[in-house]
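Along the sequence shown, residues carry numbers from 1. Keep in mind it's a predicted model, so treat the numbers as computed, not measured. First listed ligand is number 1; within each ligand, the first listed atom is number 1.
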Amino acid sequence: MAGEMSAATGRFSLERLGLPGLALAAALLLLALCLLDRRTRRPGEPPLIKGWLPYLGVVLKLRKDPLSFMKTLQKQHGDTFTVLLGGKYITFILDPFQYQLVIKNHKQLSFRLFSNKLLEKAFSISQLQKNHDMNDELHLCYQFLQGKSLDILLESMMQNLKQVFESQLLKTTSWDTAQLYPFCSSIIFEITFTTIYGKVLVCDNKFISELRDDFLKFDDKFAYLVSNIPIELLGNVKSIRKKIIKCLSSENLAKMQGRSEVFQSRQDVLEKYYIHEDLEIGAHHLGFLWASVANTIPTMFWAMYYLLRHPEAMAAVRDEIDRLLQSTGQKKGSGFPIHLTREQLDSLICLESTIFEALRLSSYSTTIRFVEEDLTLSAETGDYCVRKGDLVAIFPPILHGDPEIFEAPELELMNIKDWKLIHPGSSLNTTSEIHHLHAN
Ligand code: HEM
């Protein structure tokens, strides 16, 4: 309520300022930001690129074409440099042999501090920053995404996939056409949601389709939401987020049937630290739901897109699946249920390679950590200092286009030599650092 009031007051006063007033206010703000930010490069620090825009720094150039801009900076300044981006100083480390400096240094370079800030901005979860015990206990729940629990999740996902497709097929009398992205997002969203949170008891298809549409509208504005733009300036995102959070309240989710272990264990932890009715519980569920579909939807989209563009690749993937079905005594067709174990799925090398290639070609992933104390990162090529409060990041897309690693990086699906797996455990792992992919 207080938030809504201040937003309304803010809008009122801006309108009354008029155009000349706004221009003057913007000029004064820029001047204040220039005066406040007097940072210069200190000895031992990487090159500093502040751009010409106070506070925003190089944000516009990076947004326009991230890959080319990063390559230009690499040519000019080498593999390590610091840029000003939306009020934050980020040191990029582009040499893949130095990635471990960022990923393995959990004590001084924190994922948690970075992600907790993001969780507050994006999902309005405020307690994680203060309550370390709850944070630890929620992280322990990730064990239910591994091992035996993952087998159970997979089993339930297969059942849900079958039901979603079967109900579509029963309704359809001839071929339907759909756009690829809405098709992928609708399938992945429904299957993931029902696998984690269960099915709505009352036969109410509207619940899931409305939730999906709201979720996609929310996700569409995600990049703006996590930047420092006030949510009040982002159209109706705030009210959509509130609606989704209400939909994921303890009361509503208690009515679902077939909830997963990972959901149940998270709900138990949340109910230990919040009262049952607290809407922040729904905000936690929104965060987890986002993590579970934000990467899988674009991954499915791009994998299908490249397969459709390359009939020879599509034929190899189909043939591999047909052979697996044959060897496990299963038949194709809408009347025949298909059941595959995790081991059998793991044996689909052509399919897995297609997904890795789709990730290589389409991901603009950035892995970011928060610097907890002033420190010196030591690499073979030299030491460099980073400051407390800054961010450190790696940007693997540069590697994904490197001809020293991929024979023909510009060619689609051509790096799958004889359909042998590009092994995910190799020293230059192409996929494990993907964060958010771009589908349009
Ligand atoms: C193509 C599929 C996926 C990709 C490429 C992917 C990638 C990633 C990456 C790169 C991170 C950040 C790690 C870091 O910076 O160290 C992450 C975090 C996370 N992902 Fe995924 N992910 C995928 C699917 C999923 C799914 C299906 C789920 C849940 C069912 C999930 C749940 C999470 C969670 C909960 C986190 C936060 C972990 C934490 O707080 O420590 N992801 N993911």
Side-chain angles (χ1 to χ4, degrees), residues 90 93 99-106 109-120 122-123 125 128-129 132 134-147 149-154 156-157 160-161 184-185 187-197 219 222 226 259-266 269-270 284-304 342 345 351-352 354-370 391-397 400 424 429-439:
I90 310 184
I93 295 179
Y99 281 3
Q100 82 278 3
L101 288 178
V102 179
I103 294 163
K104 299 221 166 117
N105 196 345
H106 302 286
L109 299 176
S110 164
F111 176 62
R112 230 178 243 201
L113 273 175
F114 168 71
S115 70
N116 285 349
K117 286 209 166 113
L118 188 131
L119 288 166
E120 175 148 28
F123 307 108
I125 301 172
L128 276 178
Q129 309 227 32
H132 297 290
M134 174 168 74
N135 210 332
D136 289 343
E137 286 180 47
L138 283 172
H139 271 80
L140 283 179
C141 301
Y142 296 152
Q143 64 181 294
F144 295 112
L145 291 173
Q146 296 165 0
S149 301
L150 186 57
D151 292 343
I152 301 171
L153 278 174
L154 186 67
S156 136
M157 190 146 189
N160 293 328
L161 184 64
C184 296
S185 55
I187 298 277
I188 292 277
F189 185 86
E190 183 161 350
I191 294 168
T192 309
F193 183 82
T194 36
T195 302
I196 295 174
Y197 297 95
D219 188 37
F222 196 81
V226 296
R259 290 163 297 182
S260 65
E261 276 176 298
V262 66
F263 161 74
Q264 201 51 61
S265 62
R266 281 172 57 83
V269 173
L270 293 169
H284 280 272
H285 292 311
L286 171 59
F288 192 74
L289 179 63
W290 183 85
S292 69
V293 296
N295 283 308
T296 41
I297 292 175
T299 305
M300 178 180 174
F301 168 81
W302 284 113
M304 292 211 30
R342 181 138 68 107
L345 279 177
L351 183 63
E352 191 169 15
T354 306
I355 294 169
F356 287 164
E357 260 293 90
L359 289 172
R360 181 185 73 81
L361 290 160
S362 60
S363 134
Y364 274 149
S365 119
T366 314
T367 294
I368 304 175
R369 298 291 183 260
F370 183 86
L391 299 172
V392 171
I394 59 173
F395 185 69
H400 296 167
N429 183 349
T430 56
T431 58
S432 65
E433 300 307 326
I434 311 308
H435 196 216
H436 200 243
L437 312 161
H438 299 265

Backbone or side-chain N or O of Ser115 under 3.5 Å from ligand 1 N or O: no

With heavy atoms of [X] as the reference, note each atom of ligand 1 found under 4.0 Å away.
| X | result |
| --- | --- |
| Thr367 | 15 (O) |
| Arg369 | 14 (C), 15 (O), 16 (O) |
| Thr299 | 1 (C) |
| Thr296 | 2 (C) |

Mutual orientation of the aromatic rings belonging to Trp290 and Phe222 [parallel < 30°, tilted 30-60°, perpendicular > 60°]: parallel

Short side-chain to backbone donor-acceptor contact, Tyr197 and His285, under 3.5 Å: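 Side chain of Tyr197 to backbone of His285: a pair is present.
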
Flag, side chain of Thr192 to backbone of Ile188, donor-acceptor distance under 3.5 Å: yes

Option set Ala291, Gly287, Ala393, criterion heavy-atom distance to atom 24 (C) of ligand 1, minimum: Ala291

Identity of the nearest option to atom 28 (C) of ligand 1, non-hydrogen atoms only, from Cys141, Ser260, Pro298, Ser292: Ser292

Nearest heavy atoms of Tyr99 and Ile394, plus distance in Å: CD1-CG2, 3.6 Å

Carboxylate-amine/guanidinium proximity below 4.0 Å for Lys117 and Glu120: no

Ligand 1 contact by Arg112, heavy-atom criterion under 4.0 angstrom: no

Location of contacts on Met157 toward ligand 1, heavy atoms closer than 4.0 Å: neither

Separation of Thr194 OG1 from Arg259 CZ (nearest 0.5 Å):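 Spacing of CZ (Arg259) from OG1 (Thr194) equals 14.0 Å.
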
Derivation of the side chain to side chain donor-acceptor pair (under 3.5 Å) call for Asn135 and His139: CA-CA 6 Å; Asn135 210 332; His139 271 80; 3.3 Å; yes

